[in-house]
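Below: the structure, in C-alpha cells.
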Amino acid sequence: MKNFTLMQFRSTLWQGLLLTALIFPLAAQAETWKLAVGAQSYDKARQALAFLPNEVWIHAGDTITWTVNAEEIHTITFLTAAQVRLPFSLGCPGFSFGVASFDGSTCVSTPPMVKGQTFSVIFPAAGNYKLVCLVHADMTGAVHVVDPSAPLPHGQTFYDEQAARQAQNLLSSALADIGHLHPGFPNSVAVGTGETVSIGGGHQTVSVLRFMDHAAAIHVGDTVEWTSDDPSTPHTITFGTEPANPIPPACACTVDPDGVLHAVISSPTDSVHSGFIVAAAQDRIGLPQTPIGNTRFRITFTAAGTYPYICALHDGLGMTGRITALP
C-alpha cells in the first residue's frame, strides 16, 4: 500500500509539472552571437572591408558581439531611419563604448576600432536594422531581429563558416586584382586597387593598400602621375610633413587642363600633400549627378635625390613609396 501511494504521488507530480510547462512555457533564453569585422592578409596589404558575415537573423533580446580582425580602422554603427551620415570622427554624433542597446530610435556608433577590440549591441525589439562602417562607404550589413517565438534560419556555426568563406573570397579576389593590373604609362604609379561586391546583406569591399610601383626611378625634370584604382577607399600622396587634416590638398599646386592637381618638388625636404584621391560615388537614379572623381595627382621633380612618400591614411599598414630622381 505504501509503495502504491508513492507511485501515485510521483505520477501526480510529473503530470503537474507537464501541465505547468504547457500552460507557462519557458521563455527563450537570450543568446549572444559572435561576428567579425574585417580581415587582412599576412602583410596587411589586402584588407577585407566587410562585416563577416554581413547579414544575420536573431531573436529580440539577443546580443551580437563583433570582434575586429584587421588593423585597418572600422566603426560599428547603427543610424536611425534617413539619418544623415557624419564623418567617422564625429560618430552618429557621439560614441558608445563596450556595449549598447539599439531599437531603431537612437543611433549607436563606436569610435574607430582596431584589431582585437570588441563591441556588443543588444537588440530589444524586432525589426530590420542596417549596419554601416562610417570609415568605409561600401561596408554595410543587415540585422534581422524577429520575435523570440519565431524559428531562426541559421545558428552560430553557420555564421562562423560563412564569415570565413566571405573573408577568403574577398582576400583572394584582391590577389587576383593585383595580378590583372596592366602596365601603366612611363612614370605612372597605381594607387591601390580592389573591388566592391553586393550580396544579400549589403556591400563588401576589398582594397589593396599599396602603391603598385612603390620604388620608381625617373630623371630630373620628369613628372610622375599617381592614379587611384581603388573603387571607394581614399588615399593620399604625401611627401614631407603630414598635415593635421588629410582631406584637402596642401601644396602650391596648379591645375592641369584635365583638372588634375600638379605640384613641383625641388628638394627632398619639401612637403607636398595631395589630399584625398578617391573614386566618385556611384550615380543614382533620382539624385543629382556626382562630379568626376579626384583620382589623380602629378608632381614634377626638378632636383636629383631620393624622395620618400606615404599614404597618410594607410602608412601604418605599409602603404609607402619612394621616387628616385636621377641627374
Side-chain angles (χ1 to χ4, degrees), residues 40-41 43-47 49 70-73 112 114 135-136 174 177-178 181-194 207-256 258-279 293-327:
Q40 64 185 16
S41 58
D43 61 356
K44 308 175 190 176
R46 290 173 286 141
Q47 294 284 333
L49 312 177
E71 293 180 57
E72 167 70 336
I73 60 172
V114 296
V135 180
H136 303 107
D177 290 337
I178 297 172
L181 283 174
H182 298 289
F185 296 105
N187 300 341
S188 65
V189 178
V191 182
T193 187
S207 288
V208 179
L209 306 184
R210 289 295 183 270
F211 297 107
M212 297 307 167
D213 188 5
H214 65 279
I218 62 170
H219 289 95
V220 170
D222 285 349
T223 296
V224 178
E225 178 180 275
W226 287 263
T227 302
S228 176
D229 286 343
D230 198 296
S232 64
T233 302
H235 300 288
T236 77
I237 296 91
T238 305
F239 289 79
T241 304
E242 291 183 49
N245 181 1
I247 298 176
C251 60
C253 291
T254 58
V255 181
D256 288 345
D258 58 359
V260 177
L261 289 179
H262 193 152
V264 174
I265 285 184
S266 57
S267 168
T269 61
D270 287 351
S271 293
V272 167
H273 175 74
S274 65
F276 278 12
I277 62 170
V278 61
N294 178 29
T295 57
R296 288 187 173 86
F297 189 66
R298 298 185 183 119
I299 300 178
T300 299
F301 295 82
T302 61
T306 299
Y307 299 82
Y309 67 95
I310 63 172
C311 169
L313 303 177
H314 305 117
D315 55 318
L317 300 175
M319 195 166 182
T320 63
R322 182 178 71 252
I323 300 295
T324 301
L326 305 173

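A quick note: this is a predicted structure, and the numbers were derived from the prediction, not measured.
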Do Ile299 and Phe239 make a side-chain contact, defined as non-hydrogen atoms from C-beta onward lying under 4.5 Å apart?
yes
Residue pair Asp229, Thr227: steps toward the side chain to side chain contact (heavy atoms under 4.5 Å, CB included) verdict:
CA-CA 6 Å; Asp229 286 343; Thr227 302; 4.2 Å; yes
Quick check: do Ile310 and Glu242 have side-chain heavy atoms less than 4.5 Å from each other?
yes
Tell me if a side-chain donor or acceptor on Asn294 pairs with a main-chain N or O of Phe276 at a distance below 3.5 Å.
yes
Between Trp226 and Phe297, how do the two ring planes meet: parallel, tilted or perpendicular, split at 30° and 60°?
tilted
Nearest 0.5 Å please: distance from the OG1 atom of Thr236 over to the CD1 atom of Ile277.
8.0 Å
Ser41 side-chain N/O to Arg46 backbone N/O, donor-acceptor pair under 3.5 Å:
yes
Within the structure provided, determine whether Thr300 and His262 are in side-chain contact (heavy-atom separation under 4.5 Å).
yes
If every non-hydrogen atom of Val272 is compared with every non-hydrogen atom of Cys251, which pair is closest and at what distance?
CG1-CB, 4.0 Å
For Ala325 and Ala303, the nearest pair of non-hydrogen atoms, with its separation, is CB-O, 3.6 Å
With the side chain counted from C-beta on, respond yes when Leu313 and Pro234 share a heavy-atom pair under 4.5 Å apart, and no when they do not.
yes
With a 4.5 Å heavy-atom cut-off, do Gln47 and His314 have their side chains touching?
no
Would you name the heavy atoms of Met212 and Gly192 that are closest together and state the gap between them?
CE-C, 3.8 Å
Find the distance between OG1 (Thr324) and NE2 (His219) and round it off to the nearest 0.5 Å.
11.5 Å
So, taking the atom named CG in Leu209 and the one named OG1 in Thr320, what distance separates them when rounded to the nearest 0.5 Å?
12.0 Å
Closest non-hydrogen atoms of Ala217 and Asn187, given as atom of the first, atom of the second and distance, are O-OD1, 4.5 Å
For Asp256 and Asp258, indicate whether the former's side chain and the latter's backbone hold a donor-acceptor pair under 3.5 Å.
no
If I compare all heavy atoms of Asp213 with all of Tyr309, which pair ends up nearest, and what's the gap?
O-OH, 4.2 Å
Closest non-hydrogen atom pair, Val278 against Ser232:
CG2-O, 3.5 Å
Please step through side chain to side chain contact (heavy atoms under 4.5 Å, CB included) for the pair Phe301 and Val220, ending with a clear verdict.
CA-CA 6 Å; Phe301 295 82; Val220 170; over 6 Å; no
Checking Ser207 side chain against Thr233 main chain: does a donor-acceptor pair fall under 3.5 Å?
no
Closer than 3.5 angstrom, by distance alone: can the side chain of His273 be matched with the main-chain N or O of Pro246 as a donor-acceptor pair?
yes
Roughly how far, to the nearest 0.5 Å, is the CG atom of Asp270 from the OG1 atom of Thr241?
10.5 Å
With a 3.5 Å distance limit and no angle check, can you tell me whether Gln40 reaches the backbone of Glu71 through a side-chain donor-acceptor pair?
yes
Is it the case that the side chain of Ser274 and the backbone of Ile237 share a donor-acceptor pair, with hydrogens and angles ignored and the cut-off at 3.5 Å?
yes
